[in-house]
J.: 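One structure coming up, written as structure tokens, with questions to follow.
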2 protein chains.
Amino acid sequence: MPEAPRRQPTLDEVAERAGVSRTAASRVLNNAPHVSKAKRDAVQKAIRELGYVPNATARALATRRASAVVLAITDDDSALGQDTPFYSQAIAGVTTVLEETGLELMLVLVNSPRSRSKLQDVLQTHSAAGVMLMGRHGDDPLAALAEQADMPVVFGGRPLNVEPHFYVDSDNRGGARAATEHLIARGRSRIAAITGPLDSDAGLARHRGYLDAMAVAGLDADRVAHGDYTEASGTQAMQALLNQYPDLDAVVAGNDTMAISALRALTTAGRRVPEDVAVTGFDDYLAARHTAPPLTTVHQSIQAWGREMARMLLAVIDGEQPSPLILPTRLIVRDSS
Amino acid sequence: MPEAPRRQPTLDEVAERAGVSRTAASRVLNNAPHVSKAKRDAVQKAIRELGYVPNATARALATRRASAVVLAITDDDSALGQDTPFYSQAIAGVTTVLEETGLELMLVLVNSPRSRSKLQDVLQTHSAAGVMLMGRHGDDPLAALAEQADMPVVFGGRPLNVEPHFYVDSDNRGGARAATEHLIARGRSRIAAITGPLDSDAGLARHRGYLDAMAVAGLDADRVAHGDYTEASGTQAMQALLNQYPDLDAVVAGNDTMAISALRALTTAGRRVPEDVAVTGFDDYLAARHTAPPLTTVHQSIQAWGREMARMLLAVIDGEQPSPLILPTRLIVRDSS
DNA sequence: CTGAAAGCGCTAACAC
DNA sequence: GTGTTAGCGCTTTCAG
């Protein structure tokens with residue numbers, strides 16, 4: 001048997017081989033009606049024999065419908081490069097759902113003028129079937145642009161400058177509140193907070209959760225320092241708190257990274273955790289399980305985030321109007337509190 | 001000013017507006033020769049005024065050249081979903097390089113029959129400009145298929161069943177050897193190893209590095225247990241080693257995750273780290289800095305991996321024949337050794 | 001330097 | 001049911 005020609009077979013070749021018109025072949029391919037069983041079988045046989053795979057590009061051009069969705073991750077300086085599994089978990093969730101649909105996943109890291117304008121092009125030219133936008137939006141104009149764009153867009157997390165129609169978010173407020181309540185229940189009362197960036201919805205919400213719990217308990221919620229999710233900021237915030245409020249007996253941090261560095265700062269300052277000061281984090285990264293002592297923290301499933309974002313996008317693409325989704329968080333109590 | 005029509009402008013419209021032929025417009029777009037300066041300017045002006053963005057799909061169809069490369073991540077059960085930043089770092093590196101080229105990034109998680117056949121289709125139909133393949137290849141037939149595919153393919157890490165032309169890898173052997181030598185230099189002699197999966201090149205290479213160092217020092221390298229990079233396997237391996245070789249005074253683990261659980265197993269068994277037993281890991285995840293005691297480990301820059309993979313792929317796409325690249329690793333000494 | 005014409009591979013009316 | 005006819009928006013010979 002001679003080598004088959006290297007070129008990919010086209011639909012015309014399939015049709016010819018099956019002895020039918022290209023139209024019929026096309027119909028079979030998209031299992032459209034108006035094809036006799038006989039032809040249908042013949043075409044399918046030909047497809048199999050030729051190893052035919054439809055050309056997605058040609059199809060996209062003809063149907064004016066893109067075969068890919070984009071996942072855009074906006075973050076100041078590529079938090080994707082950070083040492084956290086956040087985005088890869090989201091990606092895993094997204095692909096899980098997309099896999100069943102035949103849609104491709106295009107990844108765009110929005111961290112440069114160039115990538116920004118690329119995303120804008122997508123939004124403007126509708127060169128994708130839909131867009132998922134995640135990352136710390138803050139009041140990024142891109143978020144507003146995306147929301148206005150006349151195409152399916154879902155948000156992961158909420159931007160501050162627009163109220164998106166479709167989004168998935170974690171119950172940040174509830175999670176932070178639960179952590180704070182837990183501390184209160186354990187008898188702490190001089191509870192400090194190390195917040196994340198307050199120019200993002202998640203940062204704000206987490207801080208509000210803390211305020212909620214403190215207010216309900218009638219406790220003083222003034223012991224506050226601000227960080228930006230980095231280790232350095234956590235250390236610094238903890239030191240500042242220790243200086244200003246040496247009497248504090250607990251601290252709820254806006255994420256695990258800051259909680260971990262706070263833990264160290266406390267130890268360095270001679271405070272015992274949790275005897276003298278209890279600490280809670282947020283996110284439940286792997287590292288949280290391995291600190292000394294292990295960190296009490298608020299768990300959220302980022303993979304579920306990704307999954308739900310993708311599902312929601314598919315629904316929007318199908319013309320539905322899904323409601324926003326707030327994913328639950330769960331307090332994981334370990335020895336640091 | 002009335003609303004502009006919603007539809008995206010086409011090249012014909014640009015041409016018309018500029019008062020030139022579509023051919024000329026196309027030439028300007030691809031800055032091809034044979035266009036007078038006057039026309040060139042007119043076209044560029046029209047492009048700007050109309051906000052024209054070329055339709056990538058149409059272009060791809062006409063040129064029979066794809067505008068995207070795929071990053072395929074093969075892993076038994078979606079290690080992407082694991083709690084490690086590995087893949088997101090690689091992705092960050094890849095996008096950094098791709099950004100400058102106008103190529104899109106398609107992500108394929110190869111963890112199901114469906115996604116496997118999807119990747120095969122890409123390989124067969126050349127529906128992408130190139131493919132980067134990373135993950136634990138072992139002797140995955142897909143690796144062989146990819147290497148044979150008549151299109152640009154570069155590997156991240158080396159498969160066992162084929163010798164790829166183009167790949168990027170870490171100096172696993174050198175790293176493991178350095179860690180072991182460090183232990184030896186510190187006076188340890190009854191050094192055990194917890195290996196990663198030995199059906200992957202990285203796992204093997206790391207184990208060989210250990211053997212190298214032990215051989216050179218004339219030490220006995222029999223204290224070996226096997227793991228699969230998971231916490232559970234690390235714990236189990238450590239316990240087995242402790243049973244079989246209660247005299248061990250150090251252990252080099254195949255990755256940080258196993259090292260961390262070994263650390264715990266040791267502590268639980270009443271051994272002090274590093275006084276009684278020293279421990280080293282591999283990878284240098286965030287968690288390694290926060291264990292008690294902090295973990296001595298071998299650092300590798302996964303982002304560099306991604307970057308170099310992308311660069312290499314671009315070279316291959318351009319018809320070059322780049323040499324394989326072995327990225328250096330670096331021993332990070334912390335308190336666990 | 002210039003433009004007309006012929007597709008890339010597929011789908012979508014529209015008649016039969 | 002069936003096939004014919006036009007394109008989707010862009011590039012690329014190929015004559016001028």
Side-chain angles (χ1 to χ4, degrees), chain A residues 5-44 46-47 50-68 102 121-122 124-129, chain B residues 5-44 46-47 50-68 102 121-122 124-129:
Chain A
R6 296 298 303 151
R7 220 174 43 48
Q8 270 305 299
T10 71
L11 193 49
D12 294 84
E13 284 159 27
V14 170
E16 182 179 344
R17 170 136 191 168
V20 305
S21 71
R22 174 171 67 264
T23 309
S26 169
R27 285 191 179 125
V28 172
L29 207 56
N30 304 289
N31 41 45
H34 307 299
V35 191
S36 68
K37 173 111 174 59
K39 286 200 198 248
R40 189 155 239 126
D41 291 345
V43 171
Q44 267 154 358
I47 287 179
L50 261 36
Y52 170 77
V53 179
N55 179 322
T57 306
R59 178 176 287 181
L61 184 59
T63 58
R64 302 137 150 295
R65 241 171 313 133
S67 60
D121 283 355
V122 171
Q124 186 192 138
T125 65
H126 303 193
S127 58
Chain B
R6 295 299 302 153
R7 220 175 41 48
Q8 269 306 299
T10 72
L11 192 49
D12 293 85
E13 284 159 27
V14 170
E16 183 180 342
R17 169 135 192 169
V20 305
S21 71
R22 174 170 68 263
T23 310
S26 168
R27 283 190 179 125
V28 172
L29 206 57
N30 303 289
N31 40 45
H34 305 301
V35 190
S36 67
K37 172 117 175 56
K39 287 201 198 250
R40 190 154 239 128
D41 291 344
V43 171
Q44 267 153 359
I47 287 179
L50 262 36
Y52 171 76
V53 179
N55 179 321
T57 306
R59 179 175 286 181
L61 183 59
T63 58
R64 301 136 149 295
R65 241 173 311 132
S67 60
D121 283 356
V122 171
Q124 186 194 139
T125 66
H126 304 192
S127 57

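Within every chain, numbering begins at 1; the chains are lettered A, B, ... in the order of the sequence lines, protein sequences first and strands thereafter.
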J.: Between C1' on dG9(D) and CG on Leu29(B), what's the gap in Å once rounded to a whole number?
T.: 11 Å
J.: Can you see which heavy atom on Asn55(B) is nearest to which on Thr57(B), and at what distance?
T.: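 Minimum heavy-atom contact is OD1-N, 2.8 Å.
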J.: What is the distance, to the nearest angstrom, from the CZ atom on Arg22(B) to the P atom on dG3(C)?
T.: 12 Å
J.: For Leu11(A) and dA12(C), give me the distance from atom CG to atom P, rounded to whole Å.
T.: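 Rounded to the whole Å, the gap is 12 Å.
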J.: Mind checking Val35(A) for me? I need base, sugar-phosphate or nothing, with any heavy atom below 4.0 Å counting as a touch.
T.: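 Here Val35(A) touches the backbone only, sparing every base.
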J.: Would you say Lys37(B) places a side-chain N or O within less than 4.0 Å of OP1 or OP2 belonging to dC1(C)?
T.: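 For dC1(C), neither OP1 nor OP2 has a side-chain N or O of Lys37(B) closer than 4.0 Å.
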J.: Does the side chain of Asn31(A) reach to within under 4.5 Å of the side chain of Arg40(A), using non-hydrogen atoms?
T.: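 Touching, per the 4.5 Å side-chain cut-off.
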J.: Students often get this wrong, so: under 4.0 angstrom with heavy atoms, is Pro54(A) touching a base, only sugar-phosphate, or nothing?
T.: sugar-phosphate
J.: Let me know the distance between CD of Glu16(B) and P of dG3(C), rounded to the nearest Å.
T.: 14 Å
J.: Could you tell me whether the phosphate oxygens of dT2(D), OP1 or OP2, come under 4.0 Å of any side-chain nitrogen or oxygen in Ser36(A)?
T.: yes
J.: Taking OP1 and OP2 of dT11(C), is either one under 4.0 Å from a side-chain nitrogen or oxygen of Arg65(A)?
T.: no
J.: Reckon Ser26(B) touches a base, only the sugar-phosphate, or nothing at all at heavy-atom distances under 4.0 Å?
T.: base
J.: Between atom CG in Leu61(A) and atom C1' in dG7(D), what is the gap in whole Å?
T.: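 Answer to the nearest Å: 9 Å.
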J.: Base, sugar-phosphate, or nothing for Thr23(B), non-hydrogen atoms under 4.0 angstrom?
T.: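 Result for Thr23(B) = base.
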J.: Where do Val43(A) and Val14(A) land on the side-chain contact (heavy atoms from CB on, under 4.5 Å) test, with the steps shown first?
T.: CA-CA 7 Å; Val43(A) 171; Val14(A) 170; 4.1 Å; yes
J.: Does Arg64(B) have a side-chain nitrogen or oxygen under 4.0 Å from the phosphate oxygens OP1 or OP2 of dC8(C)?
T.: no
J.: Quick check for you: among dG3(D), dG3(C), dC10(D), whose closest atom lies nearest to any side-chain atom of Asn55(B)?
T.: dC10(D)
J.: Could you check how far CZ of Arg27(A) sits from P of dC10(C), rounded to whole Å?
T.: 16 Å
J.: Want to settle it: does Gly19(B) or Thr63(B) sit nearer the 5' end of DNA chain C, counting the closest nucleotide to each?
T.: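 Per heavy-atom nearest nucleotide, the more 5' residue is Gly19(B).
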J.: Rounding to an integer number of Å, can you tell me how far Asp12(B) CG sits from dC10(D) P?
T.: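 My rounded result for the distance is 7 Å.
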J.: Distance check needed: dG3(C) P versus Arg40(B) CZ, whole Å only.
T.: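 Checked: the CZ to P distance equals 14 Å.
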J.: Look up atom CZ in Arg22(A) and atom CD in Glu16(A), then write down how far apart they are to the nearest 0.5 Å.
T.: 11.5 Å
J.: Atom CD in Gln8(B), atom CG in Leu50(B): separation rounded to 0.5 Å?
T.: 9.5 Å
